[in-house]
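Worksheet for the structure shown next.
What you see below is based on every heavy atom in this structure, not just the backbone, and it leaves out hydrogens, waters and symmetry mates. All values reported here derive from a predicted model rather than from experimental measurement. Residue numbers start at 1 and run along the sequence shown.
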Amino acid sequence: MEKYYLGFDAGTQSVKVAVYDEDMKCVASCVNPTELYYPHPGWVEMDADQYLEAAAAGIRGCTEQMKKMGKDPAGIRAVFGDGIICGIVGVDENFQAVTPYINYLDSRTQKDVEELCAKNLDIWAEETGNPQPNCMFPAMFARWMMRNCEEYKKRGKKFVHNAPYILAHLAGLKAEDAFIDWGTMSGWGLGYCVLEKRWSKEQLEILGIPEEMMPAIKKPWDIIGNLTEEFAEKTGLAAGTPICAGAGDTMQSMIGCGVTETNKAADVAGTCAMFCIATDGIKPELSRPENQLIFNSGTLENTYFYWGYIRTGGLALRWFRDNVCGETGNGAYFDELTKKAEQVPAGSNGVLFLPYLTGGMDDMQDVSACFLNMTMDTDQGILWNAVLEAIGYDYMGVTDAYKGGGIIPDVITVTEGGSRSGRWNQIKADMMNCPVVTLETAEGAVLTDAAAAAYAVGDIGDLKTAFENNLKVKETYKPRPENTVKYRKIYDMQKTLIRKDMSQAFRVMKEITAL
């Protein structure tokens, strides 16, 4: 029987499922959307069970495709999933969600973050590489849930991420079996020893989170159970199919970009864009509050990386297409927008977009999204180009932080949906003054998931080599010096505009919104 491997990526906008053969060629794929809910200003919630349903439907879609091609789904040897590293849900003893799923876009914990930051504790940076609490950290969400979710107070047993929520249900596990892989563990931001791959009793005591509420730490390729009869019926997979512990989406995308050695950089251009660079461990010069960088451990053993958070990257693009252009769900319209922007010069004729669609955080709490400096000549192409550049300016800030710590990327690999826009890739190359490359294989994290599944069942002997063998450069975008100089000037002025000149205007707009 032919051998296949199934991977899924549980992201912010969708759950992507794909099946690969022994040569890591995709034989079937399916994508199902997910929804974001905004119950209060600054709150962003999702439904953990919607993730489960979307994953099960996606697996069913893939097995049905295989059958139509004459391929037997019984040949799928293992299931490996990845999910959002900065997001959790509380579950009861039967592994049922008793809280909303809260992710990195949410800023409800801002006051709590400020109170913890005021303690100026060194233990955060020393043990996690992250110098202070952050609104996007699951550790902060857990504190909020324990205090504010009545159902969790009554029945809550564990906190889990979205991929383990799916995987545990596929395997029919209870809360006592809750798990997390060592890479996604570092997505908690606080509460663990990143180099020793364990929860930190001292940090958890400071956070007020009982250690018994934390999931057991596993290796990504550990088999945590087998597919139940119930989900065999729902998905078309064979009952008993091995289920792996899984991994974090950013970690898998990093591997998919070939970022497995120090100083290699990756732009994971998804809904929340993450600009990452690999290191050999914690770098004190980078683990400083002013850099606003996050430190994580990777999927592979002894791999680590810092990343800067581009908060509304892909989300801003979708917002512009859906809400401004009225082309909801029309993926092809992104190409139309790119065509309209082709002749727009660097700087978008002076038009600036401030991409804070989900509000501000940390030292920029009052900021909001807006277009500035428009004229009668401003059209859709200019606005679109301004949106791309706005996100690019955030990339420049992260690049400056890396360089300040003595780490200079020599090439940046772009993956996920943003990699398909040549226009945006060129803008990034110009802005960061560094070559940008895209890869022939654009499946992103799901391909690395499939390879990890093959490794888990012994069908691949060297996981790192397997990943590297799939890397082939598709396009290279070289920086254009004249644009690099222009963008640097605009970036410096934009920073002053947002952080100083417009601070009062942002406060007034916030008051107007409250009315």
Charged N-O contact under 4.0 Å between [X] and [Y]:
X    : Y    : result
K25  : D23  : no
E176 : K174 : no
E45  : R108 : yes

Treating [X] as the side-chain partner and [Y] as the backbone partner, does any N or O pair qualify as donor plus acceptor under 3.5 Å?
X    : Y    : value
K158 : E93  : no
K218 : D181 : no
D459 : A454 : no
Q203 : G191 : yes
T184 : G248 : yes
R423 : A341 : yes
T34  : S14  : yes
Q65  : S29  : yes
H169 : F95  : yes
Y165 : A97  : yes

Just checking, any donor-acceptor pair under 3.5 angstrom between side chains of [X] and [Y]?
X    : Y    : answer
E475 : Y477 : no
S287 : Y306 : yes
S186 : Y304 : no
N330 : E327 : yes

(request) Sort out for me which residue in W43, F137, F159 forms a ring pair (Phe, Tyr, Trp, His ring centres under 6.0 Å) with W144. (result)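 Output: one option passes, namely W43.
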(request) Return each pair, listed once, that meets ring pair (Phe, Tyr, Trp, His ring centres under 6.0 Å) where at least one residue sits in residues 218-257; pairs must be two or more places apart or across chains. (result) W182-W221, W221-Y455
Pairwise side-chain contact, [X] with [Y], heavy-atom cut-off 4.5 Å (strictly under):
X    : Y    : answer
Q252 : T299 : yes
C244 : V79  : no
I88  : H161 : yes
F295 : T128 : no
L36  : N103 : yes
W199 : W188 : yes

Output the distance between atom [atom1] ([X]) and atom [atom2] ([Y]), rounded to the nearest 0.5 Å.
X    : Y    : atom1 : atom2 : result
Y192 : L190 : OH    : CG    : 7.0 Å
I277 : M254 : CD1   : CE    : 8.5 Å
Q96  : D49  : CD    : CG    : 6.5 Å
N226 : L237 : CG    : CG    : 12.0 Å

Tell me, yes or no, whether the heavy-atom count around [X] atom [atom1], taken from other residues, nucleotides or ligands under 6.0 Å, exceeds 12.
X    : atom1 : answer
K219 : NZ    : no
E229 : CD    : no
E2   : CD    : no
E233 : CD    : no

(request) Quick one: closest heavy-atom pair of D322 and G329, and the distance? (result) OD1-N, 3.3 Å
(request) Specify the closest pair of heavy atoms between N162 and I84, including all atoms of both residues, with the distance to one decimal. (result)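 For N162 and I84, the tightest heavy-atom pair comes out as OD1-N, 3.0 Å.
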(request) Please work out whether the ring planes of F320 and W384 are parallel, tilted or perpendicular, with thresholds of 30° and 60°. (result) tilted
(message) Applying side chain to side chain contact (heavy atoms under 4.5 Å, CB included) to M432 and Y402, what does each step give before you reach the verdict?
(response) CA-CA 11 Å; M432 292 183 280; Y402 289 150; over 6 Å; no
